[in-house]
Amino acid sequence: MKKSAFALTRRAAAVALLAAPFLLAHAADFPSKPIKFIVPYTAGGTTDLVARTVGQKVSEKLGQPVLIDNRGGAGGNIGMDAVAKAAPDGYTIGFGAISTNALNPHIYKSMAFDPRKDFTAISLLGMSTIVLEVPATSAIKTVPELIAAAKKNPGLPYATAGAGTSMNLAGVMFAQMTGTELTHVAYKGSGPAITDMLGNTIGVMFDNLPASLPHIQAGKLRALAVAGSTRSPSLPDVPTMAEAGLKGYALEPWFGVYGPAKLPAPIVKALNEAFVEALAMPDVKAKLQQAGFLPRGSSAQELTTLTDTEYKRLGDVAKKAGMTAD
């Protein structure tokens, strides 16, 4: 058995060595065909909006279509696993997040990929704002009122876009800091959860602001607080959690573009430049900021460092909170 395994290892190494010159040779022609941009969440959410807005500009910069491929499920793990297993040629990239690339490995019993080893960081995309909200018809109008309701009704359910997401973490932090017991209801994306909120099927939700903002502005959902360290420019009258009484509460989700491991440096450079340029365009910035997203590109190394740092930090947070996901 050992001999067989050794032979397979040598064979894999030989294949990798043979493939390397091929990939480098084609890197000079990159891109020569459409690029698949996998968004590991369902359509209609924050990641979908950002991917389509930025992807259009990247397509114009590179001269090839950027095709958005929504693959939701397992807190983003299904989509990012497809990225990890893709050929390292630049034609499959993924929309990673604080959840998929830093938090999930600590809360899922098994992971098909290692976010520190199976990806090549390309660029940050920016940060989002998490909003705590209730239906507009709810009797709850403030964070203190929600805390009182949660204490009166242990196990009060709250919705998020999925288990292991930053919104899930926001709910766990809220319960910890308020001494309440909440029941997490994980949906497959923000869209279905918002539908149930609008139908009063569920009464509390932690969501990324871009997905919920139109409904808040339309008066169909009521924002109680935002989870960031400062107020959102899109909701200047809505307090932060800290301002609402939870001192020290702050959570700011980040997102980035990743490719498979061992992506050739020339391809990383081409993709990085295209994304950084797209994110800096005035019309892109205006559209995303209006939706509650803060766009920001970065070097590939900055995203690599952030991923490693957040992986360690959120490992401690998840362990302390006892977070788990199936």
Side-chain angles (χ1 to χ4, degrees), residues 39-50 72-77 79-80 95-104 106-108 125-135 143 146 150 156-178 180 182-198 201-213 215-216 221-229 232 234-235 238 240-241 244 246 249-255 291-294 310 314 317-318 321 323-326:
V39 178
Y41 305 100
T42 54
T46 298
T47 51
D48 190 57
L49 169 68
V50 176
N77 290 343
M80 290 307 288
F95 197 120
I98 184 176
S99 52
T100 56
N101 291 71
L103 177 62
N104 285 4
H106 303 292
I107 65 176
Y108 278 83
L125 285 164
M127 282 73 173
S128 183
T129 298
I130 293 176
V131 60
L132 169 59
E133 60 197 13
V134 297
V143 170
L146 174 60
L156 183 73
Y158 72 93
T160 74
T165 59
S166 54
M167 292 80 83
N168 181 188
L169 179 59
V172 169
M173 289 172 56
F174 183 88
Q176 278 188 328
M177 294 183 69
T178 59
T180 56
L182 303 178
T183 299
H184 180 217
V185 181
Y187 284 80
K188 293 183 178 179
S190 291
I194 290 173
T195 296
D196 277 1
M197 284 282 287
L198 297 176
T201 301
I202 193 163
V204 180
M205 182 175 179
F206 287 88
D207 192 27
N208 270 321
L209 182 56
S212 286
L213 185 59
H215 304 287
I216 294 171
L221 294 176
R222 178 184 300 131
L224 302 183
V226 293
S229 57
S232 168
S234 301
L235 296 174
V238 176
T240 64
M241 289 285 198
L246 276 67
Y249 188 114
L251 179 62
E252 294 168 313
W254 51 265
F255 303 86
F293 187 85
L294 302 175
E310 288 285 84
L314 292 178
V317 172
M323 288 184 68
T324 60
D326 296 326

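All values derive from a computational prediction rather than experimental measurement.
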Would you please name every residue forming a ring pair (Phe, Tyr, Trp, His ring centres under 6.0 Å) with Tyr187, sequence neighbours left out?
-> none

Show the numbers, then the answer: is there a side chain to side chain contact (heavy atoms under 4.5 Å, CB included) between Leu221 and Met205?
-> CA-CA 10 Å; Leu221 294 176; Met205 182 175 179; over 6 Å; no

Supply the atom-to-atom distance Ile194 CD1 to His215 NE2, rounded to the nearest 0.5 angstrom.
-> 4.5 Å

Does some side-chain heavy atom of Leu156 sit less than 4.5 Å from a side-chain heavy atom of Thr180?
-> no

Taking C-beta and beyond as the side chain, do Tyr158 and Phe174 meet within less than 4.5 Å on heavy atoms?
-> no

Atom CD of Glu310 and atom CG of Asn101: how far apart are they, to the nearest 0.5 Å?
-> 11.0 Å

Nearest heavy-atom approach of Gly292 to Leu209 is CA-CD2, 3.9 Å

Are the side chains of Leu235 and Leu213 in touch, meaning some heavy atoms are under 4.5 Å apart?
-> yes

Tightest non-hydrogen contact, residues Ala318 and Ile107, listed as CB-CG2, 3.8 Å

Separation of Ile216 CD1 from Ser234 OG (nearest 0.5 Å) | 9.5 Å

Taking all atoms of both residues into account, what is the closest heavy-atom pair of Trp254 and Ala102, and its distance?
-> CZ2-CB, 4.1 Å

Would you say Tyr249's side chain and Ala170's backbone share a donor-acceptor pair under 3.5 angstrom?
-> yes

Contacts of His106 that satisfy ring pair (Phe, Tyr, Trp, His ring centres under 6.0 Å) - sequence neighbours left out = Tyr311

From Phe255 CZ over to Ser99 OG, what is the distance, rounded to the nearest 0.5 angstrom?
-> 7.0 Å

Between Val172 and Phe206, is any pair of side-chain heavy atoms under 4.5 Å apart?
-> no

Say you draw a straight line from CE of Met127 to CD1 of Ile98; how long is it, rounded to the nearest 0.5 Å?
-> 9.0 Å

Keeping the roles fixed (side chain from Tyr108, backbone from Gly164), state whether a donor-acceptor pair exists under 3.5 Å.
-> no

Closest non-hydrogen contact found for Ser128 with Thr46 is OG-CG2, 4.1 Å

Test item: Asn104 side-chain N/O and Gly75 main-chain N/O as donor-acceptor pair under 3.5 Å = yes

Side chains of Thr47 and Leu125: does their closest heavy-atom pair fall under 4.5 Å?
-> no

Using a 4.5 Å cut-off on heavy atoms from C-beta on, say whether the side chain of Pro253 contacts that of Ile130.
-> yes

Just wondering, do Asn208 and Tyr41 contact through their side chains at under 4.5 Å, heavy atoms?
-> no

Heavy-atom pair of closest approach, residues Asp207 and Ser190 | OD1-OG, 2.6 Å

Shortest non-hydrogen pair, Pro157 vs Val185, comes out as CB-CG2, 3.9 Å

Can you check whether Leu132 reaches Leu146 side chain to side chain, under 4.5 Å on heavy atoms?
-> yes

Can you find a side-chain donor-acceptor pair between Asn168 and Thr160 that sits under 3.5 Å?
-> no

Nearest-0.5 Å distance that lies between atom OG in Ser212 and atom CE in Met197 | 7.0 Å

